[in-house]
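Okay, so here's the structure we're looking at.
Numbering of ligands and ligand atoms starts at 1, following listing order.
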Amino acid sequence: MGAPVRLYLASTSPARLATLRAAGIEPAGLISPGVDEDAVVDRLRVERAASGGSLTPHDMVLELARAKAEAVQGQLVEGEPIDGFVLGGDSAFEFDGEVYGKPHEPAVARERWLAMRGRSGVLHSGHWILDHRSASLGPDAGGSAVECAGAGVVDSAEVHFSASVGDHEIDAYVATGEPLEVAGAFTIDSRGAAFIDRVSGSPSAVVGLSVPAVRSLLRDAFGVSWHELWNR
Ligand SMILES: Nc1nc2c(ncn2[C@@H]2O[C@H](COP(=O)(O)OP(=O)(O)OP(=O)(O)O)[C@@H](O)[C@H]2O)c(=O)[nH]1
């Protein structure tokens with residue numbers, strides 16, 4: 001068995017951490033990316049418009065995941081330089097041609113549910129991995145001048161909402177506060193599960209960290225097998 005392969009999670013998402021842990025990986029460190037997501041999206045929209053295009057949900061979550069991973073490049077974690085892979089993520093919900101993040105407000109979450117029940121939408125999760133292993137950085141790397149090789153992938157899943165969700169159930173769900181700080185105003189693995197008929201695609205992609213997609217990304221971009229990261 002070679003030296004353990006370390007993975008750092010550049011995310012404050014409790015669900016991403018729980019998903020990694022359930023998949024057998026305790027991150028070597030949790031780093032808050034501290035990225036101004038609105039500013040990144042605004043910049044991306046301008047760039048796409050300048051080249052005559054528009055920002056797709058796929059590109060948005062990929063670029064935000066990349067921005068979050070790159071934001072922690074060169075940082076110290078518990079006083080030590082990062083020595084491993086850094087994973088950043090972002091999720092957004094595409095419904096009726098619009099892209100939604102977290103509702104934040106109860107009235108917004110309620111409105112979303114009144115529109116979503118009986119219908120479906122696509123939850124897109126972007127993932128970006130940086131090779132921040134000391135061996136990959138070479139001897140002269142140090143401080144914030146670090147430039148790591150990176151690669152990303154998006155995994156999307158269609159989420160089908162039950163048609164039978166009553167107004168009183170929506171009110172009760174919104175009152176719990178759960179839907180306010182999650183992309184799309186729903187969860188499939190917590191209280192929201194009661195109102196989700198089915199998911200077409202990887203469930204972990206909906207939760208915010210697609211384990212099969214990250215496994216493939218590590219293998220295809222960096223030649224690392226997922227099980228080399230198992231450490232719990
Ligand atoms: N538990 C759970 N969380 C979900 C689900 N769908 C979306 N989320 C969460 O919704 C949040 C989407 O916001 P993001 O901007 O991607 O991430 P964040 O929570 O702000 O955390 P950062 O990675 O630090 O930006 C993430 O924390 C996802 O894990 C779900 O079905 N279950």
Side-chain angles (χ1 to χ4, degrees), residues 7-23 25 27 29-42 44 55 57-73 75 77 85-95 99-105 108-109 112-113 116 120-130 152-162 165 173-174 176-211 213-214:
L7 180 74
Y8 297 77
L9 182 57
S11 176
T12 58
S13 164
R16 291 195 176 103
L17 176 57
T19 301
L20 270 184
R21 283 178 168 161
I25 297 169
L30 297 173
I31 317 158
S32 171
V35 166
D36 179 344
E37 297 187 29
D38 292 338
V40 172
V41 171
D42 289 347
L44 290 167
L55 185 60
H58 174 285
D59 289 352
M60 186 184 86
V61 297
L62 186 63
E63 289 302 324
L64 278 169
R66 176 174 188 167
K68 294 176 188 180
E70 292 183 346
V72 307
Q73 267 183 137
Q75 283 186 24
V77 177
F85 290 99
V86 173
L87 171 63
D90 189 73
S91 300
F93 182 59
E94 185 180 9
F95 178 76
V99 182
Y100 298 103
K102 307 171 187 175
H104 299 303
E105 299 298 327
V108 175
R112 299 256 188 98
W113 270 94
M116 294 179 328
S120 67
V122 179
L123 198 296
H124 301 275
S125 280
H127 313 76
W128 195 267
I129 293 181
L130 292 178
V153 68
V154 175
D155 194 8
S156 307
E158 187 169 12
V159 180
H160 301 259
F161 302 91
S162 306
V165 185
Y173 183 45
V174 170
T176 69
E178 179 185 285
L180 304 188
E181 297 309 322
V182 289
F186 68 90
T187 66
I188 60 167
D189 56 333
S190 307
R191 287 187 179 84
F195 312 122
I196 306 285
D197 277 344
R198 68 185 186 285
V199 171
S200 311
S202 161
S204 56
V206 180
V207 171
L209 190 162
S210 172
V211 177
V214 174

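For atom 27 (O) of ligand 1, the nearest protein heavy atom (residue, atom name, distance) is Ser13 OG, 2.8 Å. Shortest contact from atom 10 (O) of ligand 1 to any protein heavy atom: Ala183 N, 3.1 Å. Looking only at heavy atoms of the protein, atom 19 (O) of ligand 1 is closest to Lys102 NZ, 3.5 Å. Protein heavy atom closest to atom 21 (O) of ligand 1, with residue, atom name and distance, is Thr12 OG1, 3.3 Å. Nearest non-hydrogen protein atom to atom 5 (C) of ligand 1 is Val206 O, 3.6 Å. Atom 2 (C) of ligand 1 has Asp189 OD1, 3.4 Å as its closest protein atom, hydrogens excluded (heavy atom only). Looking only at protein heavy atoms, the nearest one to atom 25 (O) of ligand 1 is Lys68 NZ, 2.7 Å. The nearest heavy-atom contact from the protein to atom 31 (O) of ligand 1 is Ile188 N, 2.9 Å.
Residues Ser210 and Ser125 have side chains that never bring a donor and an acceptor to within less than 3.5 angstrom of each other. Under the 3.5 Å distance criterion, with hydrogens and angles disregarded, no donor-acceptor pair is assigned to the side chains of Arg198 and Ser162.
Where the criterion is an N or O separation shorter than 3.5 Å, residue side chain and backbone included, Val207 meets it with respect to ligand 1.
The shortest heavy-atom contact between Val40 and Val35 is CG2-CG1, 3.7 Å. Minimum interatomic distance between Ser11 and Arg16 (heavy atoms only, all atoms of both residues): OG-NH1, 3.4 Å. Across all non-hydrogen atoms, the minimal contact from Leu180 to Pro103 is O-CD, 3.3 Å.
The side chain of Pro33, and not its backbone, has at least one atom closer than 4.0 Å to an atom of ligand 1 (non-hydrogen atoms only; side chain from C-beta on).
Atoms of ligand 1 found under 4.0 Å from any heavy atom of Ala15 (numbered from 1 in listed order, with element): 1 (N), 2 (C), 3 (N), 29 (O). Under a 4.0 Å criterion applied to the non-hydrogen atoms of Ser11, ligand 1 contributes the atoms 21 (O), 22 (P), 23 (O), 24 (O). Using a 4.0 Å cut-off to heavy atoms of Glu37, the atoms of ligand 1 that qualify are 15 (O), 25 (O).
In this pair, Tyr100 and Phe95 present their aromatic rings tilted. The plane angle is within the 30 to 60° band.
For Glu37 and Lys68, the salt-bridge test passes: some basic side-chain N is under 4.0 Å from an acidic carboxylate O.
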> Where do Ile196 and Phe186 land on the side chain to side chain contact (heavy atoms under 4.5 Å, CB included) test, with the steps shown first?
Replying inline: CA-CA 9 Å; Ile196 306 285; Phe186 68 90; 4.0 Å; yes
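Not a single donor-acceptor pair under 3.5 Å links the side chain of Ser120 to the backbone N or O of His160.
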